[in-house]
Enquirer: 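One structure, as structure tokens, below. Some questions next.
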Number of protein chains: 4
Amino acid sequence: MSAARTRAPRRDAQRNRARIIDVAEQAFAAEGLDVPLDSVAKRAGVGAGTLYRHFPTREDLVAAVLEGRQPDLDRERAGIEAERLEPDAALDRWLAVLVSWMRAYNGLPGSLRAAVDARSTPLGMTCETVIAVTDHFLGAAQRAGAARPDVQGLDLFLGALGTAWASTASSPGTEPPDGRTGDDLLRLLRCGWAVGRPG
Amino acid sequence: MSAARTRAPRRDAQRNRARIIDVAEQAFAAEGLDVPLDSVAKRAGVGAGTLYRHFPTREDLVAAVLEGRQPDLDRERAGIEAERLEPDAALDRWLAVLVSWMRAYNGLPGSLRAAVDARSTPLGMTCETVIAVTDHFLGAAQRAGAARPDVQGLDLFLGALGTAWASTASSPGTEPPDGRTGDDLLRLLRCGWAVGRPG
Amino acid sequence: MSAARTRAPRRDAQRNRARIIDVAEQAFAAEGLDVPLDSVAKRAGVGAGTLYRHFPTREDLVAAVLEGRQPDLDRERAGIEAERLEPDAALDRWLAVLVSWMRAYNGLPGSLRAAVDARSTPLGMTCETVIAVTDHFLGAAQRAGAARPDVQGLDLFLGALGTAWASTASSPGTEPPDGRTGDDLLRLLRCGWAVGRPG
Amino acid sequence: MSAARTRAPRRDAQRNRARIIDVAEQAFAAEGLDVPLDSVAKRAGVGAGTLYRHFPTREDLVAAVLEGRQPDLDRERAGIEAERLEPDAALDRWLAVLVSWMRAYNGLPGSLRAAVDARSTPLGMTCETVIAVTDHFLGAAQRAGAARPDVQGLDLFLGALGTAWASTASSPGTEPPDGRTGDDLLRLLRCGWAVGRPG
DNA sequence: CATGAATGAGCCTTCATTCAT
DNA sequence: CATGAATGAAGGCTCATTCAT
């Protein structure tokens with residue numbers, strides 16, 4: 001790995017790219033996905049053109065930020081699998097992770113919602129990855145007879161999206177309501193396949 | 001009450017108000033809740049100031065439009081009750097009505113979502129009315145042991161909101177994906193209490 | 001003229017409109033048709049939106065400015081006709097007027113060139129008007145056997161456009177070269193019909 | 001000629017230069033002279049700096065591209081002379097060639113127009129070359145009494161420029177109107193001297 | 001000598017809200 | 001009470017040119 005041979009005219013470029021992503025992450029978290037890209041560029045100490053060179057589309061930037069958080073998602077997944085839970089409980093947990101992930105930035109559900117329809121975009125691919133994992137957990141639950149067979153990962157993904165959206169303020173600044181987090185909604189969503197037997 | 005002495009003081013106003021609402025309804029349906037108010041005013045044949053006088057806030061206009069559709073909702077409710085279904089089936093039906101109602105205009109879920117947090121506004125009161133009905137059906141189901149006791153009408157309202165949102169394109173023109181209408185999502189939502197036991 | 005009865009909520013609007021046109025005329029003359037509209041608005045002392053309200057398109061503004069100069073053109077035409085010249089001489093004179101008119105603002109030939117292809121726009125209609133006059137003079141010359149019968153007003157208009165263009169700097173700032181005005185070109189253009197009898 | 005001893009010092013440079021010109025030719029033809037130089041560099045597989053080193057100015061690049069097409073022009077000229085036409089017919093043919101040559105790339109007339117005023121630049125020298133040939137044909141016609149004596153090659157060059165410009169859409173994509181090609185204009189231009197005998 | 005990343009000014013457009021008439 | 005003109009901030013995007021590597 002002592003690969004310090006490659007000509008590296010990209011040293012600062014990569015640094016800039018990383019800084020942009022870093023700044024964007026914070027900006028998204030603080031002001032939502034709608035924050036003016038100019039302000040991101042400024043805060044990152046680069047020109048507008050530089051940001052644009054790296055991320056021609058806002059979506060591209062969002063995708064890059066999410067990519068940076070991918071390890072977290074992988075870790076969560078591994079954690080769930082390591083616990084060797086019942087299939088339905090595992091799915092349960094995964095959905096909770098999903099919703100939480102979607103709520104990271106204001107407006108993220110909306111972007112993901114749009115990306116699901118437009119595969120092939122970087123963000124669309126991120127969705128596909130996540131949906132695949134969901135399918136994985138869902139499949140196990142279905143094989144165990146713990147989930148309805150006519151449901152797909154995409155359904156759950158969209159359901160989680162709606163849940164995350166409903167529990168998030170759409171307009172930046174609106175607070176995540178009065179204690180009514182998405183938990184109640186999530187509970188409903190879980191019930192969908194975990195069989196909400198009151199008994 | 002003493003007949004017609006005044007030339008046309010309030011007559012015009014009411015006519016204008018009605019026309020604005022009518023035009024807005026069409027505009028909302030066609031272009032979503034984001035239509036420039038200017039264009040609504042123009043299409044209604046009134047000045048921007050007039051529209052503004054009647055509806056100081058876009059929310060007010062939305063509320064007025066929804067008010068006009070309230071009878072439909074009442075009728076639906078009456079219809080469900082007239083059928084004397086099992087409590088859970090009735091709730092089921094009501095939720096379907098709810099989601100459908102929320103999907104009438106692009107962007108409506110978002111406005112309702114915001115209004116729920118800000119009661120006292122006209123739109124917030126509309127929400128309360130609808131939530132009350134939901135509580136009515138939910139209560140019956142709960143008393144019949146057909147629904148979890150720890151869920152509230154607000155939860156279902158928010159759930160329906162998320163469902164309606166997820167099944168609606170945010171940007172006008174984007175089609176409700178590949179056949180995956182909100183029905184699948186709705187099914188999940190219903191399952192939450194309707195007991196989705198595959199067996 | 002004592003017509004001060006009509007409700008006139010447009011008094012200032014018209015004043016603004018006039019001022020914008022006036023300022024634009026100067027700006028076009030000084031910096032060419034490419035001046036930033038923002039600067040025109042600023043110089044006219046109005047907001048960007050106001051300018052935009054009056055002239056949604058740059059073309060609309062150009063058309064309005066030209067409209068203001070229409071009387072000049074009419075006067076020129078009347079003057080030519082008053083002289084009762086031979087048909088070919090009259091056409092000759094009119095073409096000179098045309099070229100001169102086209103050279104008023106840097107970039108005008110280009111806008112007119114585009115407008116000819118897209119009738120129905122305000123600028124396109126201006127073109128049509130001018131072409132009609134050209135057809136008038138050309139027709140007379142043709143009937144007198146002094147001009148080729150297979151040429152149309154549009155041909156001469158385009159020819160004049162090319163002539164005006166060739167004698168005007170395209171990039172603002174470049175001076176109208178070294179004494180080589182459009183006269184030489186115009187001479188060529190005139191010859192096209194003045195002596196072009198195939199027979 | 002003595003085979004390949006030097007690794008590739010000048011070889012690359014020349015190869016790059018050639019490739020850039022080649023790519024630029026295609027880009028100019030497809031998108032006009034306004035293509036972003038960045039894109040040309042990218043398509044040529046070189047860095048922007050490299051392109052810039054070879055051609056400090058866009059004009060320089062244009063000149064280089066035209067230089068590449070010079071043989072065609074020479075061949076045309078030779079062809080005309082080989083036919084031993086009457087002087088006026090020869091000039092006629094040459095002008096047609098000229099206009100056609102000017103219409104090769106969108107925006108070319110504009111660049112040439114500017115270059116005429118600024119001799120000494122590479123593009124200006126290209127113009128001079130072409131004007132010289134025009135003078136050659138024109139002179140012959142004048143000596144034969146077939147062309148007005150007070151016209152110069154530069155006049156015809158500018159006339160051809162205007163003709164080429166007027167018959168070319170400025171915005172890429174706009175078609176050369178409804179069948180009205182530059183032929184009609186060219187016809188006018190030809191007439192200017194072909195029959196313009198003052199006598 | 002090549003690379004290609006960074007710069008950064010500049011323009012157009014939209015629309016909610018106010019207020020003179 | 002209606003009108004509709006004016007406001008004016010704000011944001012996304014491009015691209016020629018430079019210069020560090």
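Note that the structure is a prediction, hence the values are computed from the model and not measured. For the numbers below, each heavy atom of this structure counts, side chains included, while hydrogens, waters and symmetry mates do not. Convention: sequence-line order gives letters A, B, ...; per-chain numbering from 1.
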Enquirer: Could you state the atom-to-atom distance from CG of B:Leu33 to P of E:dC15 in whole Å?
Expert: 14 Å

Enquirer: Between F:dT3, E:dT17, E:dT13, which nucleotide has the shortest distance from any of its atoms to the side chain of C:Asp38?
Expert: E:dT13

Enquirer: Using a strict 4.0 Å threshold on nitrogen-to-oxygen distance, state whether A:Glu25 and A:Arg19 make a salt bridge.
Expert: no

Enquirer: Closest approach to the side chain of C:Arg58, judged atom by atom: which nucleotide of E:dT17, E:dC11, F:dG12 is it?
Expert: E:dC11

Enquirer: For B:Val35 and A:Gly47, take the nucleotide of DNA chain E holding the closest heavy atom to each; which residue's nucleotide lies nearer the 5' end?
Expert: A:Gly47

Enquirer: Could you identify the nucleotide paired to E:dT3, looking across every strand shown and requiring Watson-Crick or G-U wobble geometry with both distances under 3.5 Å?
Expert: F:dA20

Enquirer: What is the distance from CG of C:Asp60 to C1' of E:dC12, rounded to the nearest Å?
Expert: 14 Å

Enquirer: Which nucleotide, F:dA2, F:dC13, E:dA16, lies nearest any side-chain atom of B:Asn16?
Expert: F:dA2

Enquirer: Show the nearest heavy-atom pair for residues B:Asp34 and B:Arg58, with the distance to one decimal.
Expert: C-NH1, 3.8 Å

Enquirer: So which nucleotide from E:dA16, F:dG12, E:dA2 ends up closest to the side chain of B:Pro36?
Expert: E:dA16

Enquirer: Return the minimal non-hydrogen interatomic distance between D:Ala64 and D:Arg17, and the atom names on each side.
Expert: CB-NH2, 4.3 Å

Enquirer: Suppose we define a pair by two distances each less than 3.5 Å, Watson-Crick or G-U wobble; what does F:dC13 pair with here?
Expert: E:dG10

Enquirer: Check whether more than 12 heavy atoms from other residues, nucleotides or ligands sit under 6.0 Å from atom CD of C:Gln26, and answer yes or no.
Expert: yes

Enquirer: By nearest nucleotide on DNA chain E, pick out whichever of C:Thr57 and B:Pro56 is the more 5' one.
Expert: C:Thr57

Enquirer: In whole angstrom, give the distance that lies between atom CD1 of D:Ile20 and atom C1' of E:dG4.
Expert: 14 Å

Enquirer: Nearest to the side chain of A:Ala48, heavy atoms from C-beta on, is which of F:dG12, E:dA5, E:dA9?
Expert: E:dA9

Enquirer: Rounded to whole Å, how long is the line connecting atom CZ of C:Arg15 with atom C1' of E:dT21?
Expert: 13 Å

Enquirer: In terms of side-chain heavy atoms of B:His54, which of F:dA2, E:dT7, F:dA6 is nearest?
Expert: F:dA2

Enquirer: Is the phosphate of F:dA16 approached by D:Tyr52 (side-chain N or O, under 4.0 Å from OP1 or OP2)?
Expert: no

Enquirer: Rounded to the Å, how far apart are A:Glu31 CD and F:dG11 C1'?
Expert: 14 Å

Enquirer: Output the rounded distance in Å from CZ (D:Arg43) to P (E:dG4).
Expert: 17 Å

Enquirer: Roughly how many Å is it from CG in A:Leu51 to C1' in F:dC15, rounded to a whole number?
Expert: 16 Å

Enquirer: Identify which nucleotide among F:dT3, F:dA5, E:dT7 has an atom closest to any side-chain atom of B:Thr50, counting heavy atoms from C-beta outward.
Expert: F:dT3

Enquirer: Separation of A:Gln14 atom CD from F:dT21 atom P, in whole Å?
Expert: 15 Å

Enquirer: If you look at every heavy atom in C:Ile20 and C:Leu61, which pair is closest and at what distance?
Expert: CG2-CD1, 4.1 Å

Enquirer: Establish, from distance only, whether the side-chain atoms of B:Glu59 and B:Thr121 form a donor-acceptor pair under 3.5 Å.
Expert: yes

Enquirer: A:Leu37 or D:Leu37: which one's nearest nucleotide on DNA chain F is closer to the 5' end?
Expert: A:Leu37

Enquirer: Taking the side chain of D:Arg53 as heavy atoms from C-beta outward, which of F:dT14, E:dA2, E:dA5 is closest to it?
Expert: E:dA2

